[in-house]
Amino acid sequence: MNYDFGEIEAKWQRIWREKRTFRTVFEAQKKKYYCLEMFPYPSGSGLHVGHLKNYVPTDAFCRFKSMQGYNVLHPMGWDAFGQPAENEAIRRGRNPREMVPEYAATYRETLIKAGCSYDWEREINSSLPEYYKWTQWIFLLLFRKGLAYRATAPINWCPSCKTGLANEEVRDGRCWRCDTPVEKKPMPQWFFRITAYAERLLADLEKLDWSEGMKEMQRDWIGRSEGAEVDFAVADSDLLGGDRVRARRDGLQGRTIRVFTTRPDTLFGATFMVLAPEHPLVPLITTAERRSSVEAYARRAQGESEIDRLNATRAKTGVFTGAYAINPVNGEKAPVWIADYVLMGYGTGAIMCVPGHDQRDFEFARKFGLPIVQVVSRDGSAYDLEAAEPVEGIAVHSGRWSGLTTAEFKKAIGRWLEEKGIGRPTVNYRLRDWLISRQRYWGAPIPIVHCPSCGEVAVPETQLPVLLPDVENYQPSGTGESPLAAIPEFVRTACPACGGAARRETDTMGGYACSSWYFLRFADPGNERTFASRPALDYWLPVDVYTGGIEHARSHLLYARFWTKVLFDEGLLGFEEPFRILRNQGSLLALTPGRRPRPQEESGEGGEKIVDWIVLKHDERECCPADEVVWRWARMSKSKGNVVTPDDMTRHYGADSLRIYEMFVAPFEDDVHWSEEGIQGSHRFVARVWRWLQAALPHYRKAWRGSLPAVMPSVAGHAAAPSNSIEQGAQWGPAERGVRRKLHQTVQKVGAQIESFQFNTALAAIMELLNGIYAYAPLEKEALPQAIDAAVVSELAETLTLLLAPFAPHLGEEVWQQLGGVDSVYRAVWPAFDAGVAAVESVNVMVQVNGKIRDKVVVPLDSDEESVKAEALRSEKTRQSIAGKQVIKMIFVKNKMLSIVCR
Ligand SMILES: [Zn+2]
Ligand SMILES: [Zn+2]
C-alpha cells in the first residue's frame, strides 16, 4: 500500500517521453490554449525550488486546460544570449557557446523530473543561428521603418561588464547583472524608437488582464504628463555686466531656454530656473566669474548615476551661472542655476522653478535664498506658505489671470503662449528610447554595414544571419568596442549597396531583443522561411496566460509589447497585444546566515545609504563568532548559500509532494518562507490519498454512472443541468448524500480556483474532501463494509484522481491507468459537477413547545442547534406559543426536531 513514488514517477516520465504525450499539434478545429512561462537563461547553479514556484503551478494550469479539452501549447526554451550567460562564462573561464547547452540540459532534466508537461519538440535557444537570424530580420524591419537608429548619446556604462546598458537595466543606479554603479559615457549607440509607441503602450494597458500593480508600474515608467512648453529668453542686456558686444559675439542674443511644465498656470511663481549641468546652453551663458565653479560642479555631476541624481531625499546642491532669464508672463528676471537633479535626457533638460508649489524647488529656494511666491491658493486668498503647496485651486498674484481656477488657467495660458509664439500645450513622456547596443560578444550581431560612401546600410535579407564568429577571446575589451571589432575577417566586408570596402557593425544586441519575440517562434519553431507561419501565429497567438516575475514590468514586458505592435503595424500579426493574461508569482525565501553590517559598511557616501545585512560567504561562516551571525529571509541564490534543489526534494519526497508543496504553501503571487516541514506535510497527504485509492480499487466499478442518479456526462468543467427530475438517492441515507454533495461542491470549487490561479485554496478543498471521504468510507482497514455503496466509492475514487491529476500528475496517471483509463490522464475529461447534487439539501425540522408540535422550519441539512433555534424564533407561530412564558430548556435533534420546554 505504500506509495513508491521513486519508481512510479520515473516510470511515467519515461512513458510520457516515449509516447510524446505533451507534443502539441496544430488542429484548426480544436480550441487552443497557449500558456507560457518567461523563458529562463540557464545558469550553472541550476534550478532551485524557488524557480518552481512559477513552473509548477503554471504546469498544473496547463494540465487542467488540457483536461478541459483545449489544445494546449506549453513550450520551453532558453534565453541564452546576453549578459547573464556571458558573465557566468567569463567567471568560469568557459566559452558560452559550449556552456549554455550544457546548462540548458540540466534545466530540462530538472523540469522533467518535476513532472512538467512541456512540448520539448518546440524547445528554442535564442543563441542559435536559426533563431537569431529572425532577431536580425526584425531588427532590419525596425531599421527600415525608422524605428532603429544610431546616435551618440551619454549612455549608462557598466565599468565592470564593460558595456552600455538600457535604462531598464539600471537598478538603483547599479548594473542589473553585477551591481556595479553605472557611469555616463557618450558613445555612438543603436536605439529602438520605443517612444514612438508610448501612447499606444499606455492606452492598450486597459485591454489587458494584468494585475493593477503591474499596469501601474508600466504607466509610471511611460510617465505621460500633459502640460506646456514655454520659452524663456536669456536676459542678454544684464548678462556679462551689460556687455552687449560680448554677448552678441558669443551668440547669446535671442537665445531661449525651453522648459516643459505640467503646471503652466504657476508661471507667475517661477522665480528661478535650473538647467541640467550637461545642458548645451550652460557654457554659453555662464559668466566669467562663475565659470570655474560651474565647470567643477558639472564634472562632478557627470560621474553620478541617474537614479542617485533623481533621489528626492538627497540634499539639494547647485550653482548659479550668473545668467538670468526673463519670465515671459511678468517680464521679471529669473536667475539661472545648474543642479544635478535635472537630467538632460528627460524633457528639455531645463526646468522653471516654482518654489511656492513644488517641494524640491521650495527646498532649493530656502537653501540658496531665492524668492518664494504664492500663485495658487486653496480658497482664493493669499497667505504665507510654510511649505510648498502642490495643489490646484484659485490663481493669486497672477496678474489678469488671478481668480481663475487651475483648469481654466491652464487652458487660457496655453492659448496665450501659442498666440505669442513662445510656447504651446504639449504632452511629455518619461519613457526614453531603448538602448540596444552592447559592446559584448555574446549577442546577436547587429546586421548593419558602415560604408564610407553610403553610410549605414542594411545587410540584405538573403545574407542573414550575420553569424556570430567563433572566437577564442570573447572578453569585453574595455575600450568601448565589442570583441568583434578585433576580428578583421568579421569586420571587413563589402558594402551591399555600392560594393566598396566597408565595415560591419561590431556591437551586438542586448538579450532583451531575443526575448521580445520568442513567444511567436514557439508557434512554429522550425520554420526556415519566416519567423513563424501566419496560420500558426493566427491559431496559437496571443499567449493566453503568461507567468513570470514582476521585475520584468519595465523591461521585457514593455519591449515585447512594442515589437508586437510594430509587427502588427507591418501586417505580420493579427493582434496587437502579446499577453492576454499575466500572472506574477511570488518568491520562495530561505533562511540565510549573515552578519550585521559594520559601521563603515552601513553608511555609504554622505551616510545616507543603508547596506542590508551582509550575507556570509561559506568560509566566513566557519570563523564568524556565533553571536555575530544573524538570520534573515532572502531569495534563494547560490551566492547566498541558501539554495534547496528540486532534485534533492524529489529524491526524498517525490515530485508530486514537491509540486503540492509549491502550490499549497501560499497564494501564487505571495512570497513564502521555505520549510522542509511543509513538504513533509504534502508528502503525508499524497501518501494518504494513495492509500485510500488503493483500498478503493477492488470496489471500483467502471460503470458506476449507471447506478448513480443525476450525474451528467462530463462537459469539460461546466456545470451540468440541475437534476431535479431524478429522485435523489432514494436508496441512500444522509451519509451518501453528504459525501456526494461534498464531492460535487469540491469539483465546482477546484475548477473555479485553478482558473483564477488560486492553487492553494483548490488544494485545501481537495484535502477537505479527502477527510470527508475517509469519514464516509475508512477503507484502510478491511473490505468494503456492508453499509458503503460501491457506486459512490467508485465515483469518489475516479473523481478524486482526476481532481488531483494536475497537481500530482504521476500519482494521477498511475491511478488513472489502474482505473482502466485508456489514454493519458492528461487527456482525460475534467469532471463535471452536478449542481443539483452539490446543492445544499433542506430538511423540515419540527418545533415542539411543551410536547406539542407548534411549527416547522425549513433549514439546510445538518444545520446546528444555534441556527435552527434562530430560525425557529424568527417564526411568528413559535413566538406566539412561547409568549409570556419562561423558556427552561431546549432539546435539539439534528435534522428532526427542536423541542422547547417552557414554564
Ligand atoms: Zn555590470
Ligand atoms: Zn556603399
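One-based numbering, in listed order, for ligands and for the atoms of each. Counting from 1, the numbers follow the sequence of the chain as shown. Worth knowing before you read on, the calculation uses all heavy atoms, side chains too, and leaves out hydrogens, waters and symmetry mates.
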Original post:
Are F139 and W190 near enough that their ring centres are under 6.0 Å apart?
Top reply: yes
Self-check item: salt_bridge(R171, E551) N-O dist < 4.0 Å
Solution: no
The SG(C175)-the Zn ion (ligand 1)-SG(C161) angle, to 10°, is 110°
Taking the six-membered ring for Trp and the single ring otherwise, decide whether the centroids of Y103 and W78 are under 6.0 Å apart.
no
Between C454 atom SG and C495 atom SG, the angle centred on the Zn ion (ligand 2) rounds (to 10°) to 110°
Of all heavy-atom pairs linking D220 and R554, the shortest is OD2-NH2, 3.4 Å
Taking the Zn ion (ligand 2) as the apex, C498 SG and C451 SG span an angle, rounded to 10°, of 110°
